[in-house]
Amino acid sequence: MPILKRTSWNKNMKSVYTRRSAICVGILSSLGLLSASALSSCSGRESSHAQHEGSERVAGPIHWNAEVCVSKGALSGEELGASVIVNGQAETSRIDGNDDRLFIGAGNELRSYSKATGELLCTQAIDGSWGNIEQALALAGDYVLVFCRWGRVAAFDADTLEARWNVSVISVEDEDVATQLEGSDQEPPIVVGWESTDFAIFDGNAYIGVSSHELAATSRLACIDIRTGTLQWNVTVDSRIIASGNRGYPYASPYGLLVPAGTEAACLLVSYADGEIVQHLEVDDMITTGFSHDGEAGDVVYFQTRRGTLCRVAFDGDGQAHISCSTDGLDDDKRTPSGAMPLVFDGYVLVNAPTIDESAGSTVLDPDHDASNGACNVFDAETLELVGSVPAREIESTPTLVDGSAVYLGEGGIYRIGLDELPNALEMTELTTEVHRTHQAWDQPLLVKDGTAYVVSGNTDRQNLYAIALG
C-alpha cells in the first residue's frame, strides 16, 4: 500500500508574470515594477487563420481554425499573425470552455478564443520561472486553472485572463528530491520537470497529482482552495501516478478522491479532508485509462487496466467503495492499444479489446501502427458480463456521446461510432480527415459543445485550434 508523507512548501515564492523571451519585462517584473495585469492583453485581435464564412453546420466541415503556436525552428520568415512562438516542439494544453469562450495554453502563454468565430480574445504571459504551461487546464467557475512545468498551479480570471493567484505544489528544496535525482551532484533547491494529472474540482477545491520522470517513482497530490489559492494539503504518494496516462483522473466522488496508483496495480480512495488514503483497491495490473462516470447509475465509475480488465467502482450508503472486475475477453499475451476511457451508454460499457502484443512498443510512438485492425468488447454495465466482441477500428481516444452515437479523435481523423446495433455490431464512420490526434498523445478527448467539436491538431512544428460541426 502506498505510504503518504506530508511535505512542506515555500509560501514565499514570488508571483511575478513575465514573458520568457522578453528580458526587459523579466527585469521589470523581478523588481516589482510591472504588474501581472499589465501583461494580460484583451485586444480583440482576430486569429490570422480564422474562417467566418460557412457557418451552416452540416456533418464534418471545419467551421473555423486558428493557428495557436509555432516552433521557432519551423519559422521561415512568413507572417505569423497571432501565433505563440515556442523554442522547442509546438505543444498545447488541454482545451476547456464556457458558453462563449475557449481556453488553451501554449508555451508560456494562456489564451482565450471566441467559440463562434475563432477570434483571439485575450492573452496572458506566464512567469518564465514557472516553465511552460503543461497539459492540465480546467475552467472552475470564473477561474481558469493551469499547471506549469516547474510545479506551479496558477489561476486566471476567465473574462480578462488577469492573474488571481499561484502556488507551488512541489517541494524543490526537500532533501529527498536531491537524493532521488540519479547521477546528479546538485544541491537543493533542484529544478526538475513535472507532469500532472487532470484537475478534479469538488466543493470549492481543485485537486491535482504531479510526478516527475527525473525522480524516483513518487508523486505529489495536492488540494488547493480555488478562490484563494491556499494550499490545503500536499501529500506524497509512493507511486508515479502519471504512469496511468495523465487523462481522466482524479475522479471527485461524493465520498473521496479516486486516484490510480500509477506504477502500482491499485486504485486509491483519498480523503478530501487531509489527503490520507481511505481505501486501497487492488487490481490485476496498472491502470491505463481515466475514470468514466455513469451518472444514471449513481456514483459508479469504470476504468481499464493495461491487460484490458474492465473494473467497476461503486459506493454503498456508508461511502465505502466496492470494486468488481471482469477478465472476460482477455489474452495473456495482449494489452490495450490506447488510453481511451470506457464509454458508458444505455446499460452497456464499450471498451477496446486487448489487441497489441505485450512485447510490442508503444502504439503512440510507432509510426507503422495500424489502428484499423482492432476490436471492441461490450459489457453489461451492472454485471460486467461480456455480451459482445466486435471487430472494429481501435478507439484511439476517449469517445464522447453525441445524439445517440459517439465521436472520437484518431490519427486518421474524427470518427463516429454508431451504437444502434450493439452488442452485435459496431459501425464506424469517418467524419473528417482534416484534423487528427497528436501523435504523441496517449489520449486526446474531443471537447464537444452544442454539436461542435473543438480540437487541437497539427505536428511538432505547428498546432492549430479547430471548430468542427458534427451535424
Side-chain angles (χ1 to χ4, degrees), residues 11-47 66 68-69 82-86 92-169 196 199 201 204-206 208 222 224-231 465:
K11 297 181 179 179
N12 300 316
M13 296 190 77
K14 297 178 181 179
S15 55
V16 293
Y17 298 76
T18 67
R19 281 190 185 275
R20 198 172 195 175
S21 60
I23 298 175
C24 60
V25 172
I27 295 173
L28 290 173
S29 296
S30 65
L31 294 175
L33 300 178
L34 187 62
S35 68
S37 60
L39 290 171
S40 176
S41 171
C42 291
S43 60
R45 290 178 295 166
E46 186 173 304
S47 165
V68 177
C69 67
S83 301
V84 178
I85 302 173
V86 294
T92 64
S93 72
R94 324 238 196 275
I95 312 168
D96 207 347
N98 55 23
D99 289 342
D100 57 0
R101 298 185 181 215
L102 297 171
F103 305 96
I104 188 170
N108 69 328
E109 191 168 282
L110 177 63
R111 322 188 112 201
S112 64
Y113 290 85
S114 166
K115 288 176 68 174
T117 66
E119 178 185 357
L120 178 60
L121 300 176
C122 295
T123 64
Q124 169 66 281
I126 303 299
D127 188 330
S129 67
W130 304 351
N132 286 346
I133 296 174
E134 289 291 300
Q135 291 187 22
L137 179 149
L139 181 66
D142 53 3
Y143 282 8
V144 181
L145 307 180
V146 299
F147 174 75
C148 299
R149 178 69 171 168
W150 309 133
R152 188 163 289 268
V153 172
F156 302 87
D157 183 273
D159 287 332
T160 65
L161 297 191
E162 291 184 355
R164 291 294 176 246
W165 52 258
N166 68 88
V167 63
S168 176
V169 294
S196 78
F199 287 101
I201 310 297
N205 293 317
I208 190 170
I224 308 166
D225 184 290
I226 294 173
R227 279 293 161 195
T228 66
T230 302
L231 194 57
L465 176 63

Got a donor-acceptor contact below 3.5 angstrom from the Ser114 side chain to the Glu119 backbone?
-> no

Atom pair CG (Leu110) and CD1 (Ile104), whose distance is rounded to the nearest 0.5 Å = 9.5 Å

List the atom of Ala106, the atom of Val84, and the distance in Å for their closest heavy-atom pair.
-> O-CG1, 3.6 Å

Within the side chain of Trp165, is there an N or O that forms a donor-acceptor pair under 3.5 Å with the backbone of Ile226?
-> yes

Residues forming a salt bridge (Lys or Arg N to Asp or Glu O under 4.0 Å) with Asp159, sequence neighbours excluded | none

For residues Ile201 and Leu145, determine if any side-chain heavy atom of one lies less than 4.5 Å from a side-chain heavy atom of the other.
-> yes

Of the non-hydrogen atoms in Arg164 and Asp157, which two are nearest, and what is the gap between them?
-> NH2-OD2, 3.4 Å

Separation between OG1 of Thr160 and CG of Leu121, rounded to the nearest 0.5 Å | 12.0 Å

Atom pair CD/CD of Glu109 and Gln124 - distance to nearest 0.5 Å = 8.5 Å

At what distance, to the nearest 0.5 angstrom, does CD1 of Ile133 lie from CG of Asn108?
-> 7.5 Å

Determine the minimum heavy-atom distance between Val169 and Ala222, stating which atoms define it.
-> CG1-CB, 3.8 Å

Side chains of residues 135-144: which donor-acceptor partners sit under 3.5 Å, not counting sequence neighbours?
unit_1, atom_1, unit_2, atom_2, d
Gln135, OE1, Arg94, NH1, 2.5
Asp142, OD1, Arg227, NH1, 3.2
Asp142, OD1, Arg227, NH2, 2.9
Tyr143, OH, Arg227, NH1, 3.4

All heavy atoms of Phe156 vs all of Ala163, minimum pair found to be CD2-CA, 3.6 Å

Sequence neighbours left out, what passes salt bridge (Lys or Arg N to Asp or Glu O under 4.0 Å) with Arg149? Give chain and number order.
-> Glu134

Only counting residues at least two apart or in another chain, list the ones meeting side chain to side chain donor-acceptor pair (under 3.5 Å) with Asp225.
-> Thr228

Nearest heavy-atom approach of Ser129 to Trp150 is O-CD1, 3.1 Å

Taken to the nearest 0.5 Å, the spacing of Ser41 OG from Glu162 CD works out to 11.0 Å

Would a 4.5 Å heavy-atom cut-off, applied to side chains only, mark Val68 and Tyr113 as touching?
-> yes

About how many Å separate CG of Leu102 and CG of Leu120, when rounded to the nearest 0.5 Å?
-> 11.5 Å

Going by heavy atoms in the side chains, are Ile126 and Asn132 under 4.5 Å from each other?
-> no

Less than 4.5 Å apart, any side-chain heavy atom of Phe103 and any of Asn98?
-> yes

